[in-house]
Structures are given as structure tokens and as C-alpha cells.
Amino acid sequence: MYDVRAWHHAFKLDPNKYISDEDLEKVCESGTDAIIIGGTDGITLERVLDLMGRVRRYTVPCVLEVSTIDSITPGYDLFFIPTVLNSKDPTWINGMHHHAVKEFGEIMNWDEILMQGYCVLNEDCKVAQLTSAHTDLTIEDVKAYALMAEKMFHLPIFYLEYSGTYGNVEIVKEVSQTLDETMLFYGGGITTVEQAREMGAYADVVVVGNIVYDDIKMALKTVEAVKQ
Ligand SMILES: CC(C)=CCC/C(C)=C/CC/C(C)=C/CC/C(C)=C/CC/C(C)=C/CC/C(C)=C/CC/C(C)=C/COP(=O)(O)OP(=O)(O)O
Ligand SMILES: O=P(O)(O)OC[C@@H](O)CO
Ligand SMILES: [Mg+2]
């Protein structure tokens, strides 16, 4: 079993985006703790398998963050299963999950599965739109979701998701102080070393996504920034 508790940094690679072999090697050999394969749109089995095969050339742990039932295959070190706690639509809280467990429940290795309680806070991002997330939240609202994740549902991961935009440090700080057992993942809009360091001071794991595609050199620098 991989010790996710020891992780501090992860790159999230989007199967719907192109990455050259050269850049992929840099990302996989960067010293990051894991490669998470995931995205919200254009996630087909073919694209996910292709990316997994390419990441598998390296020893870095490779995780599938499941966003569609059709793209689930064996071959990963771990599976992250999001549940969007602030969605207005039960489909994204437990609906798809029920459907998937009906299909795969008998063959699932539950030791390889970690649930992520998402709280999506950027109203304009794709995942907020897709899941009809209620993003107009106060710090107290967000902390309540964090407490629900930990104390009511015993989720291993609470994920503050600002996909595409840099988040509110005060919220990340306060949520980090609210959680004891549940790990705090932060993701969204990390484009500088300073931002990576700032969020890394509070989040257990900083997830870096889009900058990989926009500025690979800067993306690579976030690893050391978070791990220092
Ligand atoms: C056969 C075999 C090996 C089986 C393995 C067993 C297994 C893993 C079974 C799965 C069981 C299960 C319960 C599956 C869940 C099914 C499912 C589809 C649940 C719904 C998940 C969910 C809430 C998805 C919503 C979208 C979401 C949260 C996506 C996460 C990724 C994300 C936020 C990406 C960021 O967006 P991006 O696309 O990068 O945006 P930009 O392009 O703008 O950057
Ligand atoms: O792509 P960015 O904005 O870095 O966000 C990372 C990740 O949280 C997306 O799910
Ligand atoms: Mg992305």
C-alpha cells in the first residue's frame, strides 16, 4: 500500500491534453510524490490508457482519479474516487458511485481505493459547472464540509478545489486547522514557486495541474518549493 500520508506534492495530468514524451519524463522524474491522472472533460478510456502506459515507464506512483465509469481499468497503484460534497446534484455525491459499485463491487480491491471529499470553490471551473457545485460559501460553510468529511464520513482526503484559479489562503489555513485525521489536498491555479510554498504551508498535498501544460519549467520548480 502506498503511504499517501507521506505525500506533499502531486502532478495532475489531464488525459484530454497533449504532453510530449520529453515533458512527461521531466514530470515523472521530478521528485513529485505521485502522478494523478484525471480531468473533467474528454476523458475516454483510450486517452486514459495511453497516458497510464506512458507514466508507467517510470517508478513514480500512478493514481487514477475516477471521473467517468467508462475509463476505469486495472493497472494503477491507487484509485481516488471524488465525491463532491458541495454539489447540488446527488449524482456527484453518491449517484455515480452507487452505479459503479454495482458494476465493480465484487472485484474491487478496497485497499486500493481512497475517497476524496471535494469542496469546489471556483464557480467558473469545469468541475463546478459539471457538478452544479454550490460555490458561494463562507469560511464557516467550508469548514463544516471539512468536519463532515472527517467526523461524519471518515473520508481519508478533503480536497479544496480551485481548479484554474489561485485559492483563498485564509480558507486553506482555517481548514487545515479544522482537520486532524483527514488529509487536506489543495489544488488550483498554482503558477509560481511562492504560491506552491504558500499553499504547501497548510495543505498536506499540493496538486499542480495546468501549469504543466503552460510552463513546464515553472511546474517542475513547484516540487521543491512544496517539499522544502
Ligand atoms: C476493473 C477495475 C480494476 C476496477 C477498479 C475498481 C474501481 C476503481 C471502481 C470504481 C468505483 C467507483 C465508486 C467509482 C466512482 C465512479 C464515478 C464516476 C464517480 C463520480 C466522480 C465525480 C464526482 C466526478 C466529478 C468530476 C471530478 C470531481 C473530477 C475530478 C478531476 C478534476 C476536478 C479535474 C480538474 O478539471 P480539469 O479537467 O483539469 O479542468 P481544466 O481543463 O479547466 O483544467
Ligand atoms: O490545474 P490547476 O489549476 O493547477 O488545478 C489542479 C487541480 O486541482 C485540478 O483538479
Ligand atoms: Mg486541468
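Whatever order the structure lists ligands and atoms in, that order sets their numbers, starting from 1.
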- [ ] Please identify which atoms of ligand 1 are closer than 4.0 Å to at least one heavy atom of Asn210.
- [x] 44 (O)
TODO: Just jot down the ligand 1 atoms closer than 4.0 angstrom to any heavy atom of Val127, in number order.
DONE: 26 (C), 27 (C), 28 (C), 33 (C)
Open item on the list: Tell me whether Lys17 reaches ligand 1 (any heavy atom closer than 4.0 angstrom to a ligand atom).
Closed with: yes
Task: Atoms of ligand 1 close to Glu161 [distance to a heavy atom under 4.0 angstrom, numbered from 1] - done: 33 (C)
- [ ] Number the atoms of ligand 1 from 1 as they appear, then name those within less than 4.0 Å of a heavy atom of Ile81, with their elements.
- [x] 10 (C), 12 (C), 13 (C), 14 (C), 15 (C)
- [ ] Do me a favour and list the nearest non-hydrogen protein atom to atom 34 (C) of ligand 1 with residue, atom name and distance?
- [x] Gly39 CA, 3.7 Å
Open item on the list: Listing by chain and number, which protein N, O or S atoms are under 2.8 Å from the Mg ion (ligand 3)?
Closed with: Asn210 OD1
Task: Ser163 neighbourhood, listing ligand 1 atoms whose heavy-atom distance to it stays under 4.0 Å - done: 35 (C), 36 (O), 40 (O)
- [ ] With sequence neighbours excluded, tell me which residues meet side-chain hydrogen bond (donor to acceptor under 3.5 Å, both in side chains) with Lys173.
- [x] none
Open item on the list: Just to verify, what does Ser71 make a side-chain hydrogen bond (donor to acceptor under 3.5 Å, both in side chains) with, not counting sequence neighbours?
Closed with: Thr68
- [ ] Could you tell me the residue and atom name of the protein heavy atom closest to atom 37 (P) of ligand 1, and the distance to it rounded to 0.1 Å?
- [x] Thr40 OG1, 3.6 Å
Open item on the list: Give the atom numbers and elements of ligand 1 that come within less than 4.0 Å of a heavy atom of Ile107.
Closed with: 1 (C)
Task: Contact residues of ligand 2 (heavy atom under 4.0 Å), by chain and number - done: Lys12, Tyr159, Glu161, Ser163, Gly164, Gly187, Gly188, Gly189, Val207, Gly209, Asn210
Open item on the list: Starting from atom 5 (C) of ligand 1, what is the nearest protein heavy atom, named by residue and atom, and what distance separates them?
Closed with: Ile72 CG2, 3.8 Å
TODO: State whether Asp77 and Arg56 are salt-bridged, where the test is any N-O pair (Lys NZ or Arg NE/NH1/NH2 against Asp/Glu carboxylate O) under 4.0 Å.
DONE: yes
- [ ] Under 4.0 Å from a heavy atom of Phe79: give me the atoms of ligand 1 that qualify, with their elements.
- [x] 8 (C)
Open item on the list: With the threshold set at under 4.0 angstrom, would you say Gly164 reaches ligand 1 through any of its heavy atoms?
Closed with: no
Task: salt bridge (charged side-chain N to carboxylate O under 4.0 Å, His left out) assessment of Asp215 paired with Lys221 - done: CA-CA 10 Å; Asp215 183 348; Lys221 286 183 188 162; over 6 Å; no
Open item on the list: Closer than 4.0 Å to some heavy atom of Trp92 - which atoms of ligand 1 meet that?
Closed with: 22 (C), 23 (C), 24 (C), 25 (C)
